[in-house]
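Here is the naming used below: chain letters follow the sequence lines, and residue numbers restart at 1 for every chain.
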Amino acid sequence: MADIYNFKFIEKKWQKYWYENKIFHVTEDINKKKFYGLIEFPYPSGVGMHVGHIRAYAGLEVVARKRRLEGYNVLFPIGYDAFGLPTENYAMKVKKHPRIITDENIRNFDKQLRSVGFSFDFDRVVDTTDPGYYHWTQWIFLQMFKRGLAYKSKTMVNFCPQCKVVLANEESQNGICDRCGAEVVQKEKDVWFLKIRQYAERLLNNLSSLDYLDRIKTEQINWIGKSTGAEVTFKVKSADKDYDLVVYTTRPDTIYGATFLVVSPEHPMLKYFADDIGNLSEIESYQKQALLKKEFERIQMNKDKTGIKVMGIDAVNPITGKIIPVFSADYVMMDYGTGAIMAVPAHDTRDYEFAKKFNLPIVEVIKGDVDISVEPYIAKDGGEMINSGFLNGMSVKQAIPAMIEYMKKNGLGKPKTDYKMKDWAFNRQRYWGEPIPIINCPHCGQVPISESELPLKLPDLADFEPTDDATSPLSKLTDWVNVKCPRCGAPAKRETDTMPQWAGSSWYFLRYMSPDCPYAPVSRDANEYWRQVDWYNGGMEHVTRHLIYSRFWNMFLYDIGVVKDEEPYKKRTAQGLILGADGEKMSKSRGNVINPDDVIKEYGADTLRTFILFIGDYEKPSPWSVEGTRGCFRFLNRVWGLSDMIKETETNDLNLAAVIKKVSDDYESAKYNTAIAQLMGTINVFYSRGSVTKYELDTFLKLLYPVAPHICSEMYEKINNGAKINETDWPTYKAEELIENEVEIPVQVNGKLRGRITVSREADQDDVMKCVNDEILGGKSIIKIVYVKGRILNIVVK
RNA sequence: GCGGUUAUGGCGGAAUGGCAGACGCGAUAGACUUAGAAUCUAUUGAGGAAUCGUAAGGGUUCAAGUCCCUUUAACCGCACCA
């Protein structure tokens, strides 16, 4: 061999060539077909890039490089989702400004990304913490505010009494504060919300026309959580007052079995009847208890129902006219449905448990195949209505619409659709986020700042520790906070909360189209050209929140005429996790973390890229393997050796067209592992033959180029007098080249393999049977012959 | 609890209902070498064999890892959602 595979030299050389010449920089070109490939931009954390990032990017990297050779104008951008808590916490720890830390981290990520040789367009980088970017994050928020889609409302938040800070759900796992370990309590607070529920139906319906993996669609459907049922009004009475209590139910058919009502501890009806409730102090202390309950406790309470009877008031079942008691219990949530339910213990597990515990009547209204004295009958697809007046004899399917119809006619209730998805809580009491561009005026309420004042820059702050009273650190900047109301001129205060991390990532894919556009989030021309993201890849952990939030923002921007497509992403895939060599999730504490820099140092970026794609099914989790990495390094060394084996010989040991087809198809369907396996099999043919033709090698290098671009660029240049592989075309083949004239087909007897015969592709059953000798049949007589042309012959004998 | 995904050699993993185990790793033997590493060549599911083998049990089919039913285990998501 002429020289060894010097990956260090090669990789440096080609990275320099790509990035200095801006080979992957793209500009809009009406004459070229476009392809927009998007990967989830990273959070630039201090620990740098993880092998998981590389797997997430490597998939579309292959597609992007392939598309360029196919003649597409490819937008394959990268950016940084850089606002967020870890940076802020780290900044407090090391007493540096988050801006400085963010810049350091981005520089580090940029270096790492280039060391892997990714073909991103580094001239379109967006950074969500750049005022030029969050200008438009704030602008979009203002548009939502102006259209009534952003509102402030009181709600319960997780509060750490020790740190005196509001925590996100992720920071208060199991009711314990992430920062200090104290117990978290619930506290009422003013919170900004975005009305994403208003978009629930569209977000749900559009899914059917999108090319997302089924498991992604399923998660989104569950997250949106549509349910259809009815709102039914129950009259609740005390000695001298009435209240129309509206309950939500998906089972109006069971109303004859509603033997009591349950309202959540926070339900406003309890306040309304305060003077009439006999056991008010008990009710109030139960309410307090429920509030203090931490999330995890509520979950544990799952089996053990608590609650309290509300004395002094009664309800009337509107259908049966019977008087039924009212309870307050924390198994009914204030934020779902109406915060009140009609309890049908015979046909609902929770109501059943509650009824058993409080000795309440259980009235069976659907005759099913269970003993109601032992367990509830909850199936919707069987049984027959009983004890239910005009519903008797109907199936559940018939009874639901019949009862809704009856309620509508008699003014007792109406059909109602509900969603589990809640409105999006859109603020944090943190420094390192986009300031919310609103001024709170004592006279005018919330007043948006003028768009001409955008971006509302995050002011410099020396001390960004949270304050004692659970307000944002920004509230300490009185000069900044105290302003005049833009509407009435009275003294007013700026909103000091910032936006959540999800904000910046909800529209970044649009900014890539025109990263410097000064007059809009995205320029019209650029949006007109790039349109939807053709293929978006990322992690399963983001397919609910981030994916739904960004679909919502894009849909809003579509509604107000900013973008041309209602849906942002045509296609969405998700890569599997890379696990440690021990099969467990990589984590510092387990000590099984693989640092990509180390792998690049030892084997090179091409080996890292090849192995990360070869490791297993792209969409499933796979454990890391040091030996596997070496195997890919060996493979690339064998590729390197091919340049000394070029010889023009006539051969029939390889169908190159079939290789081109297999590899091309596999890249398109994200089956990178089998594509690489195919290339390994191909190189094994070259080696056992001892030679490769020039055409075979050129083709082979082009097929491998998207996976291992450095080595392929180098070898292609060497054997083609300096020509650049990135300026060539993707290999093609003619359909007839795939057809083999002779095929080997297996011969089975009674389904068991007994031999093989080689026949012409067009051979019919008689031709094939001529090749079958008695030995194979074992002297038995033939009952049936199944012959699938070109595939298999199965003979049934007796 | 509900929803989803998965289960194939010693390991990672391949298989439009049609030859189970492609490809890689590891292992064994040999070649080269003073020696090792690297590299190359051969073998490598189990079993003496007939045969048996895709989590377990049933079924459909000429033919099942693949389709249907029952069960088990692991992982992910949601979770008292009315």
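With its glycosidic angle within 90° of 0, B:G9 adopts the syn conformation.
Between A:Asp582 and A:Arg590, no side-chain nitrogen of the basic residue sits less than 4.0 Å from a carboxylate oxygen of the acidic one, so the salt-bridge criterion is not met. Taking 4.0 Å as the cut-off between side-chain N and carboxylate O, A:Asp335 and A:Lys422 count as a salt-bridged pair. Contact check on A:Arg545 versus A:Glu219 returns no salt bridge, with no Lys/Arg side-chain nitrogen under 4.0 Å from an Asp/Glu carboxylate oxygen.
Across B:U71 and B:A7, the matching C1' atoms stand 14 Å from one another, rounded to whole Å. Here, B:A22 and B:U8 have their P atoms 16 Å apart, quoted to the whole Å. Straight-line distance between the P atoms of B:C69 and B:G4: roughly 13 Å, to the nearest whole Å. The separation of B:G12 from B:G26, taken at their C1' atoms, amounts to 11 Å, rounded to a whole angstrom. Here, B:G10 and B:G17 have their P atoms 28 Å apart, quoted to the whole Å. As rounded to the nearest Å, B:G58 and B:A64 have C1' atoms that lie 14 Å from one another. Comparing B:C23 with B:A14, their C1' atoms sit 7 Å apart, to the nearest whole Å. Taking atom P on both nucleotides, B:U16 is separated from B:U41 by 29 Å, rounded to a whole Å.
For the pair A:Asp348 (side chain) and A:Val344 (backbone), a donor-acceptor distance under 3.5 Å is absent. In this structure, the side chain of A:His267 does not engage the main chain of A:Ala340 through any donor-acceptor pair within 3.5 Å.
Nucleic acid contact for A:Asp617: sugar-phosphate only, since backbone atoms but no base atoms lie under 4.0 Å from a heavy atom of the residue. Among the atoms of the strands shown, none is found under 4.0 Å from any heavy atom of A:Lys217.
Remark: A:His50 engages A:His53, A:Met586 in a side-chain contact (heavy atoms from CB on, under 4.5 Å) (not counting sequence neighbours). The side-chain contact (heavy atoms from CB on, under 4.5 Å) check on A:Asp767 picks up A:Ala763, A:Asp764, A:Lys770, with sequence neighbours excluded. In this structure, A:Ala581 has no side-chain contact (heavy atoms from CB on, under 4.5 Å) partners at least two apart in sequence or on a different chain. With sequence neighbours left out, the salt bridge (Lys or Arg N to Asp or Glu O under 4.0 Å) criterion links A:Lys647 to no other residue.
Rounded to whole Å, the distance from OH on A:Tyr352 to C1' on B:A82 is 18 Å. The separation between A:Asn637 atom CG and B:A37 atom P is 17 Å, rounded to whole Å. The nearest whole Å value for the distance from the CD1 atom in A:Ile216 to the P atom in B:C76 is 18 Å. The distance between atom NZ of A:Lys305 and atom C1' of B:A82, rounded to the nearest whole Å, is 12 Å. As a whole-Å value, the separation of A:Arg791 CZ from B:G17 C1' is 10 Å. In this entry the distance linking CD1 of A:Ile785 with C1' of B:G18 reads 17 Å, nearest Å. Summarising the geometry, the separation between CH2 on A:Trp624 and P on B:C11 is reported as 21 Å, rounded to the nearest angstrom. Taking atom CG of residue A:Asp665 and atom C1' of nucleotide B:U16, one finds them 12 Å apart after rounding to whole Å.
A salt bridge (Lys or Arg N to Asp or Glu O under 4.0 Å) check over residues 620-633 of chain A, counting only residues at least two apart or in different chains, returns the pairs A:Asp617-A:Lys620. Sorted by first and then second residue, the salt bridge (Lys or Arg N to Asp or Glu O under 4.0 Å) pairs with a member in residues 783-794 of chain A read A:Glu762-A:Lys789; sequence neighbours excluded.
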Along nucleotides 21-29 of chain B, 5' to 3', which nucleotides get a B, which get an S, and which get a -, given that the test is a protein heavy-atom distance under 4.0 Å?
-> -BBSSS---

Going through the distances and angles, do A:Asp666 and A:Thr674 end up as a side chain to side chain donor-acceptor pair (under 3.5 Å)?
-> CA-CA 7 Å; A:Asp666 281 356; A:Thr674 48; 2.8 Å; yes

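Heavy atoms from other residues, nucleotides or ligands lying under 6.0 Å from NZ of A:Lys357 number more than 12.
Taking a pair as Watson-Crick or G-U wobble with both distances under 3.5 Å, RNA chain B forms stems of 3 or more consecutive pairs at B:1-7 with B:72-78, B:10-12 with B:23-25, B:26-31 with B:39-44, B:55-59 with B:67-71.
Residues A:Pro265 and A:Tyr286 meet the side-chain proximity criterion, which asks for heavy atoms closer than 4.5 Å. Side-chain atoms of A:Tyr331 and A:Ile341, non-hydrogen and from C-beta on, do get closer than 4.5 Å to each other.
Pairing each heavy atom of A:Gly616 with each of A:Ser622, the nearest pair is CA-OG, 3.7 Å. Here the shortest heavy-atom pairing between A:Ile711 and A:Trp640 reads CG1-CE3, 3.9 Å.
The phosphate of B:C78 has neither OP1 nor OP2 within less than 4.0 Å of any side-chain N or O from A:Arg545.
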Under 3.5 Å between N/O atoms: give me all the protein pairs with nucleotides 3-6 of chain B, atom names plus distance.
| residue | atom | partner | partner atom | Å |
| --- | --- | --- | --- | --- |
| B:G3 | O2' | A:Asn222 | ND2 | 3.0 |

Taking N or O atoms only and anything under 3.5 Å, show me the protein contacts with nucleotides 69-73 of chain B, one pair per line.
none

What N/O pairs connect the protein and nucleotides 58-68 of chain B at under 3.5 Å? Give each pair on its own line.
| residue | atom | partner | partner atom | Å |
| --- | --- | --- | --- | --- |
| B:C62 | O2' | A:Asn794 | ND2 | 3.1 |
| B:C62 | O2 | A:Asn794 | ND2 | 2.7 |

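For A:Phe635 and A:Phe614, the ring centers are positioned 6.0 Å apart or more. The ring of A:Trp424 has its center closer than 6.0 angstrom to the ring center of A:Tyr549.
Each of A:Asp348 and A:Trp223 has a nearest nucleotide on RNA chain B; the 5'-most of these lies closest to A:Trp223.
Of the candidates B:U51, B:C80, B:G18, the closest approach to any side-chain atom of A:Asp330 belongs to B:C80.
Listed by residue number, A:Tyr336, A:Ile341 are the residues of residues 336-346 of chain A with a heavy-atom contact under 4.0 Å to RNA chain B.
Side-chain polar atoms of A:Tyr687 and A:Thr682 form no donor-acceptor pair below 3.5 angstrom.
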